[in-house]
2 protein chains.
Amino acid sequence: MARSIWLRQERAGRGPVPEHSRAEITAAAVALADEGGLAAVSMRKVAAAVGTGAASLYRYVENRDELVELMADAVVGEVDLDRPPAVDWLADLVELAHAMRAVYRRHPWMLDVVPGRGLGPNAIDVMERALGAMSGLDVPAATKMETFALLNATILLLVRAEGAVPDPTGEYARGHLEFLASVAAAGRHPHLAAALADPTPPPDPGQDLLDRVLPRVLTGLLDTNGRTG
Amino acid sequence: MARSIWLRQERAGRGPVPEHSRAEITAAAVALADEGGLAAVSMRKVAAAVGTGAASLYRYVENRDELVELMADAVVGEVDLDRPPAVDWLADLVELAHAMRAVYRRHPWMLDVVPGRGLGPNAIDVMERALGAMSGLDVPAATKMETFALLNATILLLVRAEGAVPDPTGEYARGHLEFLASVAAAGRHPHLAAALADPTPPPDPGQDLLDRVLPRVLTGLLDTNGRTG
DNA sequence: CCGTCACTGCGAACAACGATCGCAGAGGAG
DNA sequence: CTCCTCTGCGATCGTTGTTCGCAGTGACGG
């Protein structure tokens with residue numbers, strides 16, 4: 001297995017000057033994903049978009065998974081980090097979360113990227129910003145890292161839940177609600193039935209879900225241990 | 001697009017009796033995934049394992065995605081729900097989380113399943129159990145649903161972080177740590193550098209990470225609003 | 001009982017994919 | 001200048017998801 005893409009030189013230094021760059025190939029792939037979803041990103045299509053041969057792509061990336069890794073990090077690079085710190089750590093993290101969510105919403109295919117290969121340079125920049133927001137808290141570094149991970153997971157969950165991956169026909173979603181209702185009606189799930197029948201609106205229905213849920217997650221993680229110091 | 005698999009009859013009632021069942025095909029697919037990961041589950045391999053033709057599988061499922069949906073729900077069906085309720089809602093949810101985590105650990109390919117198609121019957125059973133644990137809390141049903149979703153997301157995150165998806169050579173993971181260290185050493189990420197250099201051990205290092213993190217998430221979500229009533 | 005029609009199994013085939021091989025040419029190092 | 005590494009990439013390979021259409025099965029209705 002090759003070394004991490006982030007550790008490898010892009011250019012060897014000998015031989016002809018490459019006609020393209022990782023950034024160029026990544027951008028073409030991102031454009032394809034934005035248009036047709038992650039599955040639309042094939043090596044042949046990316047190569048055609050760049051104006052090269054599919055086999056040439058393997059000079060730039062090890063495999064398709066690596067290309068997807070480049071794409072994900074490139075997109076995270078769109079997160080707007082040029083903001084002055086907010087009034088406190090919580091507000092700062094929530095603002096960062098909004099900036100991150102904006103990016104995921106612009107690139108819904110990101111929800112289809114299986115996490116797992118570590119962080120690229122842009123993701124590390126975002127994490128640095130989050131760590132900076134938490135720098136005044138007297139909690140272990142491990143807790144801060146966990147908090148960042150959960151912040152990201154929460155955003156993904158909420159973007160996913162709001163249907164940022166659109167169902168073209170809406171039929172499946174309706175079918176699912178139909179299924180839930182039939183399960184509830186069958187009588188073996190009284191709590192589900194109660195939940196579906198609950199007329200109570202969510203607290204602050206006009207409030208952004210991210211603004212409601214994320215602060216609770218974060219204060220749960222940090223506040224009981226968090227000491228501004 | 002076909003209706004949700006959960007809404008469709010398995011057997012039409014006319015014509016020859018099918019030689020296999022959804023459950024049988026799903027089990028074969030799960031076995032393949034357990035052995036070789038999700039990518040090892042091809043329609044041909046599943047068909048061969050069942051003893052039928054690849055084309056025949058399309059009589060049982062609409063496509064491969066639907067098969068994966070069946071697999072995921074089948075595996076969630078392994079979650080042990082036959083436990084008396086714990087002392088309180090929090091302990092009950094944490095116990096449920098442990099049972100869920102055990103299942104994810106047994107089937108690490110579940111981390112590669114892109115969420116999104118709604119819940120199958122087994123997943124609804126698990127959600128029912130979680131709703132039951134929260135039934136005494138005076139919070140809106142929407143909050144309870146969100147809590148369940150975040151409980152699941154937290155488990156997945158932690159299982160993923162503990163490396164439940166093994167890197168066969170370990171080389172990539174080492175490469176990533178190398179990269180993080182080099183970024184920190186480059187000087188543009190002082191908070192990351194501080195975090196990597198932090199000698200403070202995580203709180204209660206002998207404690208299960210799930211036991212440390214999840215109660216904080218849950219109480220953050222529910223406790224400030226939660227009223228046992 | 002018979003005819004009709006929906007259903008089942010599935011081989012053959014198709015289009016598409018990820019990835020490799022090997023050739024020709026470019027360019028750095030000694 | 002020679003050698004060797006690097007770049008571009010067509011052709012090719014093995015594999016994949018999926019569809020078509022044929023032969024046979026069994027329910028339904030007259």
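Predicted model only: the values in this text are computed from it and were never measured. Note on naming: letters A, B, ... go to the chains in the order of the sequence lines (proteins, then strands), and numbering restarts at 1 for each one. What you see below is based on every heavy atom in this structure, not just the backbone, and it leaves out hydrogens, waters and symmetry mates.
Taking the side chain of T52(A) as heavy atoms from C-beta on, and the options dG9(C), dA26(C), dG8(D), the nearest nucleotide is dG8(D).
For R11(B) and dG9(C), the CZ to C1' distance is 13 Å, given to the nearest whole Å. The CZ atom of R44(B) sits 16 Å away from the P atom of dA16(C) (whole-angstrom rounding). Look at CG on L32(B): it is 15 Å from P on dT15(D), rounded to the nearest Å. At whole-Å resolution of the value, OH in Y58(A) and C1' in dT12(D) are 14 Å apart. In this structure, the OH atom of Y60(A) is 8 Å from the P atom of dC9(D), given to the nearest Å. We find that CD of E62(B) is positioned 12 Å from C1' of dT19(D), with the value rounded to whole Å. If you take CZ of R59(A) and C1' of dT7(D), they are 6 Å apart, rounded to a whole angstrom. Following rounding to the nearest Å, L57(A) (CG) and dG8(D) (C1') show an atom-to-atom distance of 11 Å.
The phosphate of dA16(C) has neither OP1 nor OP2 within less than 4.0 Å of any side-chain N or O from S42(A). OP1 and OP2 of dA16(C) both lie 4.0 Å or more from every side-chain N or O belonging to K45(A).
Taking a cutoff of 4.0 Å between a charged side-chain nitrogen and a carboxylate oxygen, R188(B) and E128(A) do not qualify as a salt bridge. Taking 4.0 Å as the cut-off between side-chain N and carboxylate O, D34(A) and R106(A) do not count as a salt-bridged pair. Note on D208(B) versus R101(B): salt bridge recorded, some NZ/NE/NH1/NH2 to OD/OE distance being below 4.0 Å.
For E10(A), the CD atom is densely surrounded, since the number of other residues' heavy atoms within 6.0 Å is greater than 12.
Base engagement by G15(B) is indicated by at least one non-hydrogen atom pair under 4.0 Å involving a base atom. Residue contacts shown for V46(B) are absent, as no nucleic acid heavy atom lies under 4.0 Å away. Here S56(B) lies in heavy-atom contact (under 4.0 Å) with a base.
Side chain of E78(B) to backbone of V103(B): no donor-acceptor contact under 3.5 angstrom is found.
If V17(A) and A55(B) are placed on DNA chain D by their nearest nucleotide, the residue sitting closer to the 5' end is V17(A). The 5' end of DNA chain D is approached more closely, in terms of each residue's nearest nucleotide, by A39(B) than by the other of R14(B) and A39(B).
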